[in-house]
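I have placed the structure first, in the form of structure tokens, so that the comments after it can refer back to it.
By convention in this document, chain letters (A, B, ...) are assigned in the order of the sequence lines, proteins followed by strands, and residues within each chain are numbered from 1.
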Protein chains: 4
Amino acid sequence: MIVVMRHMAPPEEVEAVTSRLSRAGFQVHLSQGVARTIIGVIGNDTKTRLPGMALEAMPGVEKVVPILQPYKLAGREFKPENTVIRIGEFTIGGEDIHVMAGPCAVENREQILESAYQVKQAGATMLRGGAFKPRTSPYSFQGLEEEGLKLLAEAREATGLPVVTEVMDPYTLHLVAEYADVLQIGARNMQNFHLLREVGKLEKPVLLKRGPSATIEEWILAAEYIMAGGNYNVMLCERGIRTFETYTRNTLDLSTVPVLKQLTHLPVIVDPSHGTGKWKLVQPMSRAAIAAGADGLIVEVHPNPSEALSDGPQSLNPENFAAMMGQISRIAEVMGRRMAGMPR
Amino acid sequence: MIVVMRHMAPPEEVEAVTSRLSRAGFQVHLSQGVARTIIGVIGNDTKTRLPGMALEAMPGVEKVVPILQPYKLAGREFKPENTVIRIGEFTIGGEDIHVMAGPCAVENREQILESAYQVKQAGATMLRGGAFKPRTSPYSFQGLEEEGLKLLAEAREATGLPVVTEVMDPYTLHLVAEYADVLQIGARNMQNFHLLREVGKLEKPVLLKRGPSATIEEWILAAEYIMAGGNYNVMLCERGIRTFETYTRNTLDLSTVPVLKQLTHLPVIVDPSHGTGKWKLVQPMSRAAIAAGADGLIVEVHPNPSEALSDGPQSLNPENFAAMMGQISRIAEVMGRRMAGMPR
Amino acid sequence: MIVVMRHMAPPEEVEAVTSRLSRAGFQVHLSQGVARTIIGVIGNDTKTRLPGMALEAMPGVEKVVPILQPYKLAGREFKPENTVIRIGEFTIGGEDIHVMAGPCAVENREQILESAYQVKQAGATMLRGGAFKPRTSPYSFQGLEEEGLKLLAEAREATGLPVVTEVMDPYTLHLVAEYADVLQIGARNMQNFHLLREVGKLEKPVLLKRGPSATIEEWILAAEYIMAGGNYNVMLCERGIRTFETYTRNTLDLSTVPVLKQLTHLPVIVDPSHGTGKWKLVQPMSRAAIAAGADGLIVEVHPNPSEALSDGPQSLNPENFAAMMGQISRIAEVMGRRMAGMPR
Amino acid sequence: MIVVMRHMAPPEEVEAVTSRLSRAGFQVHLSQGVARTIIGVIGNDTKTRLPGMALEAMPGVEKVVPILQPYKLAGREFKPENTVIRIGEFTIGGEDIHVMAGPCAVENREQILESAYQVKQAGATMLRGGAFKPRTSPYSFQGLEEEGLKLLAEAREATGLPVVTEVMDPYTLHLVAEYADVLQIGARNMQNFHLLREVGKLEKPVLLKRGPSATIEEWILAAEYIMAGGNYNVMLCERGIRTFETYTRNTLDLSTVPVLKQLTHLPVIVDPSHGTGKWKLVQPMSRAAIAAGADGLIVEVHPNPSEALSDGPQSLNPENFAAMMGQISRIAEVMGRRMAGMPR
């Protein structure tokens with residue numbers, strides 16, 4: 001960490017800062033520039049303990065500039081090789097590319113079973129579907145809850161597809177974990193720290209969506225919360241950020257794929273359905289995501305999108321999903337990877 | 001709601017939409033323009049039931065344009081007169097202006113008692129202080145938890161100031177509610193729907209902060225969640241949104257004050273501390289908030305900001321806080337209002 | 001266009017709006033809903049003349065909702081088939097994919113010639129390079145100006161590559177147009193309407209970059225300015241938008257590629273160099289852009305990026321550029337397209 | 001400036017950076033932390049010359065952290081006391097508060113004369129009005145051009161109010177400067193560097209609007225462009241930034257008022273009309289702007305807003321403008337300032 005003193009800060013203010021740092025056990029390194037005094041702070045825990053010292057509130061301090069990334073376990077420096085997560089017979093984060101697909105919400109038995117068969121046939125390796133739905137309006141359909149989880153389990157039984165479903169709060173975590181193979185944490189819950197901690201106590205794989213206004217650093221720190229509890233099976237899922245552009249539901253930030261691959265060792269998944277909000281954009285953005293280096297996709301597919309109780313406008317119908325799978329399998333090949341659920 | 005059909009959409013696509021709407025019990029009103037067919041949808045529950053129909057996924061539909069606001073209880077149409085909330089001997093939302101002040105986090109007995117006495121003396125009418133702290137990094141100070149709540153209660157005992165403190169999740173809601181006079185819901189929890197519902201079951205006043213990327217409409221819908229449960233004592237707190245500007249911690253959007261006053265009947269509070277992240281900006285933005293018509297402020301004050309365990313750089317020291325109170329009391333007078341905690 | 005009246009707007013306010021519209025020659029279509037009166041406005045020029053009537057300022061008007069896109073010439077409704085632009089022997093917007101490459105700024109004869117040979121050898125079909133440089137700080141290198149244009153012409157002479165270079169203002173437009181094969185309009189000039197109009201009077205192809213905070217609609221309207229003057233040879237270039245994320249220089253919004261392909265008939269180019277600001281992200285985002293359906297790329301390449309006078313951190317060196325070209329040519333093949341500058 | 005080397009960067013990479021810096025005439029200051037080597041760079045022109053060295057493109061460099069502000073003439077370090085600008089008999093930037101008011105566009109003789117008399121009567125000290133209008137659509141009203149300038153001059157003649165009007169490009173600069181007392185540079189032209197340079201050659205006061213996605217630093221650098229040419233009479237005008245919130249036209253960032261007052265010595269003006277886009281928000285935001293410490297306002301007033309050719313929905317009618325003036329004069333008094341155009 002670097003402390004920059006104000007222009008013409010008097011020596012006693014510089015001294016107050018350095019002596020406070022020394023008392024706290026840090027080494028300081030003074031650098032007298034032409035216009036500013038700069039204090040370098042050296043020590044083993046500058047990453048964790050220093051940000052808690054409100055140095056910016058001390059007289060004469062202009063700004064404090066962090067040097068190190070604030071996360072540890074999630075970083076490449078801590079673990080240089082890729083994390084590969086096992087889900088049933090599958091592995092994610094290695095050579096294989098996985099597509100998780102299914103309806104936004106579980107609506108009824110027929111719908112989820114039909115969806116499961118259709119996405120499996122097209123090459124998906126996991127079934128997605130919400131039983132507990134976070135909805136902006138209290139008057140919208142909120143999901144079938146436990147009944148929905150049971151239907152997901154039945155669909156898994158029938159097709160062999162592991163189930164990815166959202167957990168919305170610690171209350172229902174153990175119920176959801178009983179049925180789910182992958183616990184999805186939604187965008188609005190990315191900084192629900194209580195939920196992150198509780199999920200950190202399990203071993204179950206977690207799909208952590210990016211918050212709509214989360215920086216990459218905050219997102220990795222949310223993963224760090226889970227990992228700090230002992231659960232290292234975290235996948236990061238880009239699903240778009242909120243910007244001034246309203247033509248798309250969110251702005252899908254595909255540059256996060258290579259950025260996360262550089263900064264962390266965790267698998268990276270892309271959600272082109274929420275990322276765009278329009279089914280016509282799902283095919284091209286799926287191709288782009290795989291070309292950017294994503295380890296997988298999570299895509300909304302509904303047997304009949306215009307009858308969907310939730311997110312119909314962004315759901316692919318089965319035909320368009322199958323076409324998308326064909327397209328991305330060819331991109332995957334160019335990337336030297338293979339589609340886990342498709343014949344070679 | 002208005003359904004806009006695509007350019008040259010064939011009659012059978014128009015017919016499919018109108019007949020689906022009719023079957024669902026809505027009246028439709030067809031308008032054939034030069035370039036587009038437009039379908040007006042009329043009915044008693046267009047506000048709640050229509051958004052669930054995924055009309056945008058039907059062939060030939062270009063877009064669906066909502067006409068009505070999606071909330072009810074929180075809107076001025078439902079209740080034209082201002083909501084005035086009673087907190088102990090005080091009322092908020094009427095003529096009086098209230099300032100809630102205190103440290104970001106309760107750190108120890110001496111700090112919170114000293115803070116309480118200092119802010120009371122300067123004219124604050126409520127004590128703020130966090131016992132459970134949502135922190136971006138798992139390695140930061142997370143609050144004293146129940147011990148912190150007890151110290152807040154002790155400070156209330158000593159000064160008579162009602163206590164405003166954050167509740168982070170439904171787990172600890174009943175514990176927090178036992179000690180708090182006002183339940184604060186933090187920005188990152190604005191769409192923690194489970195928490196909103198649970199808080200909706202109590203009668204205790206709620207201070208609902210705006211999420212960092214929440215639109216005004218989403219924010220009012222979050223209040224609607226609480227009100228739909230029966231708790232009408234909701235205050236809306238502007239605390240800045242996330243934008244591209246990084247000089248300030250957030251961008252304090254003061255236009256929300258008059259906007260919310262037009263759209264809703266709920267009291268509006270402003271948090272200039274989180275809204276700017278820099279204590280030097282707190283005085284001017286406090287003045288501006290009162291001049292814009294806010295019903296109150298929530299401000300971070302610490303006996304010794306540079307020793308604060310959290311948010312020191314944005315905390316006022318007691319002297320600056322007292323100066324701020326003097327300034328805003330004069331602005332309040334111009335606004336024809338009075339400072340609840342200050343002599344006239 | 002739809003005019004939504006306020007809740008309980010009295011009949012005389014509705015009447016004032018409708019009679020003003022009638023006087024202006026529009027047909028009106030009244031629709032009395034449960035909670036609102038809605039006025040549909042029909043006529044041949046609702047797209048252009050109506051936005052100029054300040055209906056929102058009339059008493060009783062809640063909001064005005066546009067129905068039609070505000071542009072004409074640039075839209076698919078006006079011209080359903082793709083625009084294919086001829087540049088020398090090349091065509092862009094059809095089957096071929098083009099890569100425009102070269103240094104951010106022309107620095108000297110050796111640098112631009114070396115760059116030109118290198119990018120040509122790797123398969124680029126056009127040479128980019130700035131002679132006039134828009135720089136945020138007045139103290140930064142501002143380009144070689146006419147000397148730079150001459151060096152670009154020399155490099156074209158030597159390699160046969162057409163030249164893409166930025167025109168910053170109408171003053172230097174004719175000078176630049178004398179040397180350039182494609183006129184680039186930079187992001188900050190996207191709404192320099194005088195420049196747009198002047199460029200509209202030429203026939204020379206234009207590469208119109210998206211403004212850092214321009215919506216897709218505003219961007220298409222900027223193209224419309226050029227086309228309204230008679231120059232239909234416009235290419236749209238996505239180069240990232242400004243968001244809260246600061247890890248990347250901009251947020252490259254690749255969803256604009258398929259969106260623009262749906263809304264307009266113009267070629268779409270992607271600039272992954274400015275879009276990310278980091279050379280390590282250029283390869284993956286180039287692949288993603290082609291997979292999303294882009295017609296071409298514009299990429300910064302410098303013989304020695306760390307000695308570049310401008311934008312070194314985002315420039316590829318020749319080796320990395322050649323590797324990128326290999327990667328995207330394989331993606332192009334999957335897309336059923338071919339690299340104009342590479343052997344088959 | 002601080003150069004942070006990557007974790008485990010080998011000594012030869014560190015050496016390459018330091019020796020390049022030394023050759024360029026800078027002193028370097030090496031600081032070997034636990035996890036990183038950090039290189040402090042010291043020298044007289046680190047502010048201007050260093051940013052041009054693409055150090056981030058050198059092997060082993062993780063990031064480059066600027067320490068000094070990149071501007072000089074506009075900064076408080078260069079000139080601690082406030083700049084006070086003389087316009088006719090008035091001074092701006094000192095104790096007096098000025099309100100510039102008038103219609104968005106000059107439409108005809110009667111409209112501009114009527115506006116001028118009305119705003120003068122209410123206490124405005126300058127007349128605003130556009131003769132050249134930057135419009136998003138090529139089909140919108142583009143202003144009366146020179147005819148508009150002449151009408152403005154006539155209104156000045158009649159009322160004595162100095163004229164503030166926009167200059168859109170260097171072509172028409174001298175024409176506009178002949179008629180205008182203050183040259184307004186619009187938001188979309190904030191980084192039209194050619195225009196900035198040309199305006200810098202005059203002595204005429206300039207009102208420089210903030211670009212819709214400009215950071216505070218970029219905005220000050222735009223002022224620096226003008227000042228570097230010799231014209232120190234620059235006023236900075238906050239007019240809202242583009243964010244995800246669409247209820248208001250822009251998000252008026254009032255925190256810039258105290259921020260600019262700290263960082264620069266230039267007068268700060270607020271435009272609540274463009275800043276909100278809704279006339280109902282203009283009164284409260286005007287009060288807030290003055291309470292935040294602004295030196296003045298620029299406000300759109302039209303004799304009959306619903307007939308305005310441009311920006312009607314955000315224009316005050318004369319009655320509401322007079323009411324606004326009454327309100328802000330009382331806020332000005334609290335701030336220890338006086339309204340230049342109002343009786344005491």
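Neither the backbone nor the side chain of Ile241(C) comes within less than 4.5 Å of any heavy atom in chain B. For Ile2(C), the part lying under 4.5 angstrom from a heavy atom of chain B is the side chain only. For Thr246(C), the part sitting under 4.5 Å from any heavy atom of chain B is the side chain, from C-beta outward, and nothing else. With a threshold of 4.5 angstrom between heavy atoms, Gln32(B) approaches chain C through N, CA, C or O but not through any side-chain atom.
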Only pairs under 3.5 Å count here: list side-chain donor-acceptor contacts from residues 9-19 of chain B, not counting sequence neighbours, and write none if there are none.
unit_1: Glu13(B); atom_1: OE1; unit_2: Gly60(B); atom_2: N; d: 3.4
unit_1: Thr18(B); atom_1: OG1; unit_2: Val14(B); atom_2: O; d: 3.3
unit_1: Thr18(B); atom_1: OG1; unit_2: Glu15(B); atom_2: O; d: 3.1
unit_1: Ser19(B); atom_1: OG; unit_2: Glu15(B); atom_2: O; d: 3.1
unit_1: Ser19(B); atom_1: OG; unit_2: Ala16(B); atom_2: O; d: 3.4

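Taking 4.5 Å as the heavy-atom cut-off, none of the residues of residues 255-262 of chain B approach chain C.
You'll find the side chain of Arg76(C) stays beyond 4.5 Å of the side chain of His7(B), heavy atoms only.
Looking at residues two or more places apart in sequence or on another chain, you find a salt bridge (charged side-chain N to carboxylate O under 4.0 Å, His left out) between Arg249(C) and Asp311(C). Residues meeting the salt bridge (charged side-chain N to carboxylate O under 4.0 Å, His left out) test with Glu245(B), sequence neighbours left out: Arg210(D).
The nearest pair of heavy atoms linking Pro66(C) to Lys63(B) is O-NZ, 3.7 Å. Here the closest heavy-atom approach between residue Arg36(C) and residue Leu68(B) is recorded as CG-CD2, 3.5 Å.
Of the listed residues Ile38(C), Val4(C), Ile67(C), the one with more heavy-atom pairs under 4.5 angstrom with chain B than any other is Ile67(C).
Tested against Ser31(C) for a side chain to side chain contact (heavy atoms under 4.5 Å, CB included), the candidates Val28(B), Val41(B), Ile42(B) yield a single pass: Ile42(B).
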